[in-house]
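Notes for the one structure printed next.
So you know, we letter chains A, B, ... as the sequences are listed, proteins then strands, and number each from 1. Computed from a predicted structure; not experimentally measured.
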2 protein chains.
Amino acid sequence: MTLQQLQHFLAAIEHGSFSAAADALHLAQPSLSEQVRRLEAELGTALFVRTGRRLVLTEAGRALRPEAERTVAAAARAAASVADVRELRGGTATLGIFGDAPPWLVGNVVAAFRRRHPDVRVRVVGVNSSEVAEAVSEGRIEAGIVLLPVDDAALDVRPVLRSQLLYASADPRRVRPPVTIERLAAGPLILPDARFGAADPTQRALLERAQRAGVRLEPHVEVEQPQTALELAARGVGDTVVSEALTLRRAGFPRALHVAPFDEPIEEALAVISRRAAPLSPASRELLALAEQQLGRLGQAAVGERAPVA
Amino acid sequence: MTLQQLQHFLAAIEHGSFSAAADALHLAQPSLSEQVRRLEAELGTALFVRTGRRLVLTEAGRALRPEAERTVAAAARAAASVADVRELRGGTATLGIFGDAPPWLVGNVVAAFRRRHPDVRVRVVGVNSSEVAEAVSEGRIEAGIVLLPVDDAALDVRPVLRSQLLYASADPRRVRPPVTIERLAAGPLILPDARFGAADPTQRALLERAQRAGVRLEPHVEVEQPQTALELAARGVGDTVVSEALTLRRAGFPRALHVAPFDEPIEEALAVISRRAAPLSPASRELLALAEQQLGRLGQAAVGERAPVA
DNA sequence: GGAGCGTCAAAGGGAAAGCCTTTGGTTGGT
DNA sequence: ACCAACCAAAGGCTTTCCCTTTGACGCTCC
């Protein structure tokens with residue numbers, strides 16, 4: 001059974017003859033006739049009585065008609081549902097986000113997207129750059145914003161914002177030059193992102209730097225949220241590190257905290273990622289474009305809005 | 001978009017890979033892959049992300065899935081509904097019946113049919129032989145039971161019961177020989193089937209006979225139901241005619257009434273009719289078979305059960 | 001009652017789709 | 001680093017699809 005056959009069957013009913021139906025569908029009459037005949041053969045029953053004048057449905061045809069209409073309508077809905085996704089009239093756009101992305105940034109991006117496409121639902125997932133990268137490279141989500149580096153080669157990575165890791169302490173003397181990894185290792189240390197440990201790219205970069213310097217980073221406190229680490233550091237519990245991106249706009253940044261870049265900068269970069277060679281859905285493309293726009297604007301404004309440095 | 005494509009799409013989701021899905025559908029992998037690719041091309045969107053290990057639905061694919069399932073299910077229901085009709089598990093069997101068919105006969109046939117096929121609905125339509133014949137020859141209904149003659153050449157006519165028209169009167173002297181059309185024309189006359197007049201074959205035969213005898217049949221009372229005519233005749237309002245078939249079994253036959261055949265018999269015949277060269281649905285075939293059976297049995301029992309003759 | 005119109009079926013041919021097998025390229029696992 | 005699983009691509013064969021032409025049948029209008 002074919003959708004086409006059902007459509008031809010319905011057209012024949014509607015127009016009262018095979019000829020008229022064929023005309024309406026821009027077909028030759030024998031073509032349509034054959035399809036109906038084929039349908040009848042497959043179903044094992046005549047659907048029409050061919051009386052010279054006009055077609056009359058058999059009992060089987062009468063039984064088939066409403067079901068055929070339902071089937072054709074369902075197919076149309078199926079096509080429409082995909083078109084909705086394509087035309088940004090429906091569906092869900094999913095964006096993977098590294099865990100300590102500034103909430104105001106995510107909020108901005110999502111709000112801007114919803115303003116343009118109110119019918120598309122948005123899902124923001126992810127707590128960790130490497131986890132997001134894995135999900136994107138496996139195709140579970142289409143796009144994400146992560147901290148570099150991400151190792152997976154199946155990704156299309158577009159860096160959008162360079163940043164560096166800052167030393168953060170409540171004691172202004174601790175952020176005076178020279179700001180070194182040794183100093184960080186020496187003092188009481190607070191490290192965020194406890195859950196994912198060495199999988200986090202920034203944390204990995206930090207540990208590698210320590211190894212190279214011959215010191216070990218032994219955190220006195222491990223917390224999950226960077227915000228918590230900052231809060232603890234502001235209270236003098238210990239020193240910590242914070243991504244420069246998180247200090248921008250000073251949203252929720254503790255006043256008591258002083259930050260400074262390392263003498264030998266620990267660079268990090270934010271990037272938008274998507275699967276290489278996998279076409280992005282319009283929704284995701286739009287979402288990524290907005291994210292890039294937000295991050296780009298952020299990079300330009302960064303200098304003037306940095307948190308106090310020593 | 002094709003039902004097949006939707007089925008392949010769903011199979012691919014279910015089995016997690018094109019290869020497994022193709023196996024399950026007894027297809028080669030490239031065949032299934034191509035169908036999915038074609039579907040994607042038509043919809044203008046990728047439905048799967050082909051990650052080396054397993055297939056992952058895109059957003060469009062996620063949107064399509066439930067609609068595809070609905071569509072395929074609807075198609076299955078469509079096929080099933082026709083099969084139900086074919087297998088006598090559903091649908092409606094329609095039987096055309098001439099207007100003054102004895103209700104007990106129709107009741108017997110329908111009851112027997114329903115006993116065998118309780119899921120098939122039965123519709124009994126028609127008030128007049130010629131109307132039934134027209135409906136059957138136009139294909140509006142598949143089969144019927146009529147009084148001969150019927151003129152239409154597109155019919156397959158199988159006579160099943162010979163009968164004749166009887167003179168009926170409350171006065172026993174009026175049914176003594178010679179029973180002639182002249183006598184009928186002379187007395188107060190009650191004629192049934194007023195609505196369809198000369199189109200009714202029996203009435204036509206009667207009028208033709210009168211014309212041949214040089215008399216005119218001017219009914220004093222015209223009624224629609226033969227039963228009403230008999231009732232009036234029983235009360236002495238006038239004389240009437242009644243089909244012999246109606247007097248059998250004496251069901252509802254007025255006791256006060258006397259009947260007799262005409263000296264020159266006015267023959268009539270009951271026949272089952274269907275469209276020539278149009279295949280009967282199983283339900284109609286069964287219904288007709290039962291009707292023939294009932295009428296055949298009736299013909300054998302006729303002699304012993306006739307109403308009182310003079 | 002025959003000419004003309006409309007409708008469907010049948011036949012023949014060309015284009016397209018569907019399916020197969022083989023082969024090559026990726027990805028993941030051992 | 002090799003092996004297994006999987007998908008895509010290519011070539012070839014069969015079937016389907018669709019067309020045009022033709023013939024048969026029924027209806028209508030002279």
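Put simply, A:Ser33 has no side-chain N or O that comes within less than 4.0 Å of OP1 or OP2 on C:dC8. The side chain of B:Arg37 places no N or O atom within less than 4.0 Å of a non-bridging phosphate oxygen (OP1 or OP2) of D:dC7. In this structure, B:Ser31 reaches the C:dC20 phosphate: one of its side-chain N or O atoms is under 4.0 Å from OP1 or OP2. Checking the phosphate oxygens (OP1, OP2) of D:dC6, no side-chain nitrogen or oxygen of B:Gln29 falls inside 4.0 Å. Remark: A:Arg50 is in phosphate contact with C:dA9, judged by side-chain N or O atoms under 4.0 Å from OP1 or OP2.
Going from atom CD of B:Glu34 over to atom P of D:dC13 covers 17 Å, rounded to whole Å. Rounded to an integer number of Å, the gap from NE2 of B:His8 to P of C:dA17 is 16 Å. With rounding to whole Å, A:Leu55 atom CG is found 9 Å from C:dC8 atom C1'. Distance A:Gln5 CD to D:dC18 P: 10 Å, rounded to the nearest Å. For the pair A:Gln7 CD and D:dC18 P, the interatomic distance rounds to 11 Å; values are reported in whole Å. Atom-to-atom, NE2 of A:His26 to P of D:dC19 comes out at 11 Å; the value is rounded to the nearest Å. Atom CZ of A:Arg38 and atom C1' of D:dC18 are 11 Å apart (whole Å). The distance from atom CG of A:Leu47 to atom C1' of C:dC8 is 16 Å, rounded to the nearest whole Å.
Along DNA chain D, the nucleotide closest to A:Pro30 and the one closest to A:Thr2 are compared, and the more 5′ of them pairs with A:Thr2.
With rounding to the nearest 0.5 angstrom, the CG atom of A:Leu95 is 6.5 Å from the CG atom of A:Leu288.
For the pair A:Ala283 and A:Val120, the tightest heavy-atom approach, listed with the atom from each and the gap, is CB-CG1, 4.2 Å.
The aromatic rings of A:Phe48 and A:Phe18 stand perpendicular to each other, their planes meeting at an angle above 60°, with 30° marking the opposite boundary.
Nearest to the side-chain atoms of A:Gln4 among the listed nucleotides C:dA9, D:dC17, C:dC20 stands D:dC17. When the nucleotides D:dC7, D:dC17, C:dC8 are ranked by their closest atom to the side chain of A:Ser17, C:dC8 comes out on top. Among the nucleotides D:dT21, C:dC19, C:dA17, the one closest to the side chain of B:Gln35 is C:dC19.
Residue A:His15 is classed as having no contact, given no heavy-atom separation below 4.0 Å to the nucleic acid.
Classification of A:Arg37 and A:Glu34 as a salt-bridged pair fails, no side-chain N sitting under 4.0 Å from a carboxylate O.
Counted by atom type alone, B:Glu142 and B:Ser281 present one or more donor-acceptor pairs between their side chains at under 3.5 Å.
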